[in-house]
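A quick write-up on the structure given underneath.
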Amino acid sequence: MSVLKLKYPFSPSGFVAAAAAISTTTISHRFPCLEIAPTPSSPKPKHPQHLLSLLLKHPSQPQLLQQVHCHIITSGLFHYPFNNTSTCLLLLNNVIRCYSRGPSPHLALHFFRYTQHSHTLFTYPSLDTFSFAFLSHASANPTCTHFGTQLHALVFKVGFQFHVYVQTGLLQMYSSWGLLVEAAQVFYQMPHRSLVTWNVFITGLITWGEVELALSVFSQMSSRSVVSWTLVIDGYTRKNQPMKALALFREMIEVDGIEPTHVTLLTIFPAIANIGCIKICQSAHGYAEKRGFNAFDIRITNALIDLYAKCGCIASVNRFLQELPDQRKNLVSWTSAISGFAMNGMGREALETFENMEKAGLRPNRVTFLSVLSACSHGGLVQEGLNFFVKMVEDCKLVPDIKHYGCVIDMLGRAGRLEEAEKVASQVPHEVANAVMWRTLLGACSVHNNVEIGQRVTRKILEMERGHGGDYVLMSNILVGVGRFKDAQRLRDMIDKRIAFKLPGYSIV
DNA sequence: TTAGGGTTAG
């Protein structure tokens with residue numbers, strides 16, 4: 001279950017021992033920081049209250065945050081014995097918090113290392129519970145395991161091992177690393193847990209695929225919020241168990257009397273799409289409409305466009321496009337409609353929608369191009385598709401990923417232009433090429449009975465993956481198509497020898 | 001202070 005190993009064995013005593021092993025001097029040695037002390041040439045430090053006000057007013061402006069960070073360091077602000085050190089601590093905490101919520105949370109750790117310098121006012125004993133909660137939030141990614149582990153040790157050293165916010169932060173940190181055993185240890189050793197603590201633990205379990213465990217934890221909660229319900233519903237949606245997700249959704253409303261939020265609806269829609277039942281889709285739409293969700297929230301409307309398309313009801317997609325004013329439509333609205341036309345084989349309508357989107361002044365992104373390429377592929381619009389690929393790269397300067405290449409290969413392959421498809425596949429950058437891309441081409445070789453390319457492609461696939469039984473079956477079918485029955489049988493025999501797996505197909509219709 | 005997913009190849 002765990003993907004990473006703790007440096008110290010988990011147990012409170014283990015951490016206390018680890019904490020004891022890390023003395024003050026060791027900490028500053030491990031956190032080398034800038035040796036900056038105020039000099040006559042240093043800029044005059046602004047009052048910490050001023051910097052704090054700026055941060056609180058604009059908490060999500062990365063440039064401002066970095067300027068405050070820079071000013072604190074270059075002015076040596078934390079070296080001055082200000083009277084009101086609590087303001088300085090507030091400033092320090094808010095810098096860490098803003099970094100932890102932004103795109104570069106590791107910068108919070110760089111900043112923290114600076115404050116660990118022996119000449120600053122803030123060495124770890126003066127930090128408060130807020131500092132530790134924000135620091136563990138900033139460490140919640142797998143690149144920060146070394147720092148986070150030491151942070152846990154520090155928590156023991158300063159005596160916050162029973163503080164709900166601090167421990168919830170550590171729980172989230174371990175969960176984000178996939179260290180669910182350690183997360184469980186933190187969770188079960190907490191004498192008091194908040195609702196958020198439970199939800200953080202459930203989130204961690206679901207993120208790493210432990211949905212049944214998550215449900216078990218969920219069932220132990222004395223009171224559950226809509227967030228708790230949404231989390232487990234989402235877990236079952238992701239696990240491809242849409243009926244279970246729907247059953248939980250109903251139970252939430254009928255048994256616990258909890259009203260869904262927009263997030264709950266956004267979670268339940270993919271489950272309904274997975275079932276593909278238009279009746280349930282209409283019922284969910286009616287529910288959202290009645291509660292006023294889609295009148296105000298474009299995300300709900302976009303998700304409904306996607307849902308109707310996945311249930312095969314393209315008339316409703318058209319109705320949304322007509323009734324939704326262009327001012328309300330955003331890129332996701334247009335892209336969802338294009339993707340909907342694509343998956344329903346309506347290439348021309350997808351292209352027309354793309355044109356309308358551009359007329360409305362929106363610039364396509366990579367997902368839009370992927371949808372339109374898929375539309376061209378399914379609609380047999382090869383030249384148009386190739387033009388779109390060129391437009392994406394040359395006009396819009398977007399770098400294609402494996403899915404875009406996959407679409408182009410599929411498009412050429414379906415049209416029987418196998419040599420060109422093979423050429424594109426062989427030119428895909430090595431670092432992004434995958435077996436799926438070659439498998440797409442092998443499917444096209446099977447449709448067009450091309451043994452020569454089929455054999456080359458099969459070799460390519462087997463160099464990458466050997467356990468996918470469908471590849472042997474496809475190639476074997478190609479050989480049967482040209483009467484090479486013995487070769488076909490030999491390939492089928494390889495499925496057993498190489499322990500490849502092929503789930504037999506079935507139909508309930 | 002801490003929690004929950006709008007669109008993405010085959």
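Here is how names work: the chains are called A, B, and so on, in the same order as the sequence lines, proteins then strands, and each is numbered from 1.
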Between [X] and [Y], what is the ring plane arrangement, given parallel below 30°, perpendicular above 60°, and tilted in between?
X	Y	value
A:Tyr174	A:Trp177	perpendicular
A:Phe160	A:Phe132	perpendicular
A:Phe201	A:Phe187	parallel

For [X] and [N], give me the distance from atom [atom1] to atom [atom2], rounded to whole Å.
X	N	atom1	atom2	result
A:Arg238	B:dG5	CZ	P	6 Å
A:Leu412	B:dG10	CG	P	13 Å
A:Leu265	B:dG6	CG	P	12 Å

Touch class at under 4.0 angstrom, heavy-atom based, for [X] against every strand present:
X	answer
A:Leu370	base
A:Thr267	nothing
A:Asp234	base
A:Ile298	base
A:Asp401	nothing
A:Ser336	sugar-phosphate
A:Lys310	sugar-phosphate
A:Val226	base
A:Ile402	base
A:Val196	base
A:His378	sugar-phosphate
A:His137	sugar-phosphate

Nearest 0.5 Å please: distance from the CG atom of A:Leu248 over to the OG1 atom of A:Thr230.
-> 10.5 Å

Does A:Arg414 make a side-chain N or O approach to OP1 or OP2 of B:dG10 shorter than 4.0 Å?
-> yes

Test: A:Arg348 and A:Glu384 ion pair at under 4.0 Å = yes

Please determine, for the side chain of A:Asn365, which listed nucleotide (B:dT7, B:dT1, B:dA9) has the closest atom?
-> B:dT7

What about A:Thr261: does its side chain form a donor-acceptor pair under 3.5 Å with the base of B:dG4?
-> yes

